[in-house]
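The structure appears below as structure tokens.
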Amino acid sequence: MAPPVLLAAYLAAICTLGFVALIYVLTSTQWTAIADELLWWPVMFLAVAAIAGEVKPLVVTSRSEERTLSTSAPFVLALIVVAGVGVAIVVQIIASLSDDVLHRRQLKKSLFNTAQYALSVLSGAATYSWLAGVPIFGSPLGVEPGDILPLMVGGIVMVAVNWVLVAVVVTLASGQTLWTVLRGDFREFLVTNAVLLCVGGIAAIVTGDGVGALVLLAAPVLAAHLFAAASARHAHDATHDALTGLGNRGQANYELGGALQNARQSDSDGPGFVFLDLDHFKDFNDALGHPVGDRILCKVAERLVDAAPENSSVHRLGGDEFAVVVRGGVDESEQVARDLVASLDAPIKVDDLELLVRVSAGVAAAPMHGTDVETLMKNSDIALYRAKVERDQISVYSPEFDVNSAERLQLLVDLRTALDSRQLEVVYQPQFNLADRRMVGVEALVRWNHPTRGTVYPDEFIPLAESSGLIFPLTAFVLDEALGQLARWRASGHFLRMAVNLSARHLSDLALPDRVAEVAERHGVSLGSLVLEVTETGILSDPVRADLVIRALRERGVAIAIDDYGTGNASLSYLKRLEIDELKVDRSFVSNIGDDHQDLVIVRSTIALALALGLRVVAEGIEDESTAVALQELGRVVGQGYHLGRPTTPDVIEAVLDAERQASASHKTAGY
Ligand code: C2E
Ligand code: CA
Ligand code: CA
């Protein structure tokens, strides 16, 4: 980027030159001679038209932005011939100052505008007088048909000088090359000004015929305004999303392309592309209806626009997908992604609902992750996919994702078939009362017997199922299996609790409680033996609906357990308010309590508090006897872990239960 001194020096130079030119013109003009011969009414008309044209400019739209184009030029051009350069400059400066005052522009901008107009009008007038062979400061003569060509050339010089003088400021301020700036609006500039200058030529010719003829010229200028406004509206509609008013996908493409070119020319990093997708937006639409969904999208759009830096552009690509083009490299883009994601931390209010809308973001930035629009978009999409799967909110593209995502995509395809062709299986991990080591329950854990890969563990495919919606049939399958198994054990005289895992998405599903009840009824088991495990983050991702779902489940007798407790950030008092039944202390604390005093303190106080609140406590991840013994001393705790029993088939569980029964029977007969 050019140093600010260069810009300041340029502005100072133009101002000095401009004011010298202005003083020269004002002192050289023969004011009295002009006043004698002046066609007052037509000149007044031209002056008013010039001022109006500056204050109420044409709106010209290109793809990238809306620009305004002053229509003062044709009238100032006519004034040069009918009233002389002195009058023309004075009118142009009055017009420009009126506009500056109206828009409260800074003084230095006004000074520059005055100076550059003095220079451009003087250049135009000089060109005309030289080509037409008339004295520049002579008394105004009007225009002969033969002077039309010189007048048009003079007009072109006038607008061209004005254009270049301003473009240099943009160049110095933005760090783009002069060529880029000029080329950016060359076409519209040419077309619009050609029309306007012709109007100026006609105005100059008909001025001699009085105001009446000039008034007729107002019609084409007005028409130009109307056409420009209509085309601006049209261009806006074609490039913007009707719902949110943000740029659409095509516009995002275009902006990214432009930003890439700028970065290449100025040899800087970037741009970055942040691809955003709302998490489970479909649930909102389904549950609350599309009109509410639309309003959520509008609010999301507002938040994103507020959070995005000023030199970036926010787009809606369609549905619940948004994208931001960031002027900057990877680090800037990641920071922007962070800010965008954080902007949705606070709940969104729609009517009297407060909705927590979560979003995931994928980031790719040039030149590291691609140097063309298509690659950057594709890679940000891959990064986004990664963010969803990993349940991280933000992910920056990395080449290894490609392989990974292809593999995962295949796995997702396979998972669909797995559900239909019974490749899924449910295993059961026993839970024991630590005090007497009797099995009091099992946790149902799903396994996938993949035809070529062998056993695939849930950590690998549950996230896939969650991001694709396959989690719903998957959970339905596990629930059906687990309750069917529970019924069979019951028939053999074994009474156990059955724990089944729920994903966050189920907690937004208001129909879940009825469906669970229906499955239990089909197998003839009581819901009092069912424990549904949910995570803190699952609840927090949509607390309002989670609360409704959990209440409805508990009303039907289902117990609710908080899984992996300690890894999220919900406070125990918050969870208590939600009325849960069981706390499963995460294995990351439990498995270390023998070595890590701090973990022991955490587990001890958590268990004490949970028991005091009347919750059942399950300690997960018990991997050795000393841990089991240590936990046993902390109170009435249920234990689960490899040391006590790995996840296994129903037969093995039943064998253990049978053995327990026999042991207790022999204890009884032995007289205990
Ligand atoms: P989780 O709910 O925390 O389940 C306990 C996980 O810890 C199981 O892994 C279990 O095999 C493992 N584990 C048990 N004891 C020990 C131990 O002593 N040491 C260690 N290191 N690990 C132990 P698994 O079966 O691979 O399941 C992983 C996760 O996948 C589960 O974590 C659960 O979040 C999810 N999951 C499993 N089945 C389902 C399901 O049917 N539906 C849903 N939504 N999620 C499931
Ligand atoms: Ca679990
Ligand atoms: Ca767990």
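One-based numbering, in listed order, for ligands and for the atoms of each.
Between Y457 and ligand 1, no N or O atom pair is found at a separation short of 3.5 Å. Taking distance alone, with nitrogen or oxygen atoms compared against 3.5 Å, H643 stays at or beyond that limit from ligand 1. For ligand 1, none of its N or O atoms has an N or O atom of A444 under 3.5 Å away.
The option with the heavy atom closest to atom 20 (C) of ligand 1, from among E623, H506, R646, is E623. Heavy-atom proximity to atom 25 (O) of ligand 1, evaluated over Q429, R447, E460, is greatest for R447. Taking only non-hydrogen atoms, the option from P458, G645, A561 nearest to atom 24 (P) of ligand 1 is P458. The closest non-hydrogen atom to atom 22 (N) of ligand 1, taken over F461, F477, Y642, comes from Y642.
Under 4.0 Å is where a charged nitrogen must lie from a carboxylate oxygen, and between E334 and R338 at least one such pair does. A salt bridge between E620 and K584 is present, with a side-chain N of the basic residue lying under 4.0 Å from a carboxylate O of the acidic one. A salt bridge links D581 with R554: at least one charged nitrogen is closer than 4.0 Å to a carboxylate oxygen. Electrostatic pairing of K282 and D286 counts as a salt bridge here, judged by a charged N lying under 4.0 Å from a carboxylate O. A salt bridge is defined here as a Lys NZ or Arg NE, NH1 or NH2 lying under 4.0 Å from an Asp or Glu carboxylate O, and E625 with R437 meets this definition. Ion pairing of D351 with R295 is present here, as a side-chain N (NZ or NE/NH1/NH2) and a carboxylate O approach within less than 4.0 Å.
A donor-acceptor contact closer than 3.5 angstrom links the side chains of R490 and S529. Side-chain contact of S508 with H506: a donor-acceptor pair under 3.5 Å is absent, judged by distance alone. A donor-acceptor pair shorter than 3.5 Å can be found between the side chains of Q335 and D339. Between the side chains of H315 and N248, no donor-acceptor pair is found at a separation under 3.5 Å. Counting only N and O atoms by type, the side chains of D658 and H494 include a donor and acceptor under 3.5 Å apart. For the residue pair D420/T417, the side-chain donor-acceptor check at 3.5 Å is not satisfied. Of the N and O atoms on the side chains of N449 and Q423, not one donor lies less than 3.5 Å from an acceptor on the other residue. Residues T648 and Q429 have side chains that never bring a donor and an acceptor to within less than 3.5 angstrom of each other. A donor-acceptor contact under 3.5 angstrom links the side chains of Q431 and Q640, judged on distance only.
Atom OE1 is the N/O/S atom of E533 found closest to the Ca ion (ligand 2). For E443, the N, O or S atom with the smallest separation from the Ca ion (ligand 2) is OE2.
The protein atom (non-hydrogen) at minimum distance from atom 38 (N) of ligand 1 is V446 N, 3.2 Å. The protein heavy atom nearest to atom 43 (C) of ligand 1 is N501 CB, 3.6 Å. Of the protein's non-hydrogen atoms, the one nearest atom 8 (C) of ligand 1 is L445 CD1, 3.8 Å. Nearest protein neighbour of atom 3 (O) of ligand 1, counting heavy atoms only, is D564 OD1, 3.2 Å. In terms of protein heavy-atom proximity, atom 11 (O) of ligand 1 is nearest to P647 CG, 3.4 Å. Among all non-hydrogen protein atoms, the one lying nearest atom 28 (C) of ligand 1 is D459 OD1, 3.5 Å. Considering only non-hydrogen protein atoms, atom 44 (N) of ligand 1 sits nearest to S503 OG, 3.2 Å. Among all non-hydrogen protein atoms, the one lying nearest atom 6 (C) of ligand 1 is R587 NH1, 3.5 Å.
In this structure the side chain of V534 never reaches within 4.5 angstrom of the side chain of D563, judged on heavy atoms.
Close contacts between ligand 1 and G641 involve ligand atoms 15 (N), 18 (O) [criterion: under 4.0 Å to a heavy atom].
Contacts between K584 and ligand 1 below 4.0 angstrom, taking non-hydrogen atoms only, are absent altogether. The side chain of D563, and not its backbone, has at least one atom closer than 4.0 Å to an atom of ligand 1 (non-hydrogen atoms only; side chain from C-beta on). With a 4.0 Å cut-off on non-hydrogen atoms, V478 touches ligand 1 through its side chain and not its backbone.
Between W448 and H450, the angle of the ring planes lies from 30° to 60°, which puts this pair in the tilted group.
Closer than 4.0 Å to atom 32 (O) of ligand 1 lies none of the heavy atoms of the protein. In this structure, atom 15 (N) of ligand 1 has a protein heavy-atom contact shorter than 4.0 Å.
The closest approach between Q640 and ligand 1 stays at or above 4.0 Å for every heavy atom of the residue. Using a 4.0 Å cutoff on heavy atoms, E620 counts as a contact of ligand 1. Ligand 1 lies nowhere less than 4.0 angstrom from a heavy atom belonging to T475. Look at E466 and you'll find every heavy atom at least 4.0 Å from all atoms of ligand 1.
At a cut-off of 3.0 Å, D564 does not coordinate the Ca ion (ligand 2) through any N, O or S atom.
Around the Ca ion (ligand 3), the two atoms OE2 of E620 and OD1 of D563 are separated by an angle of 100°, to 10 degrees.
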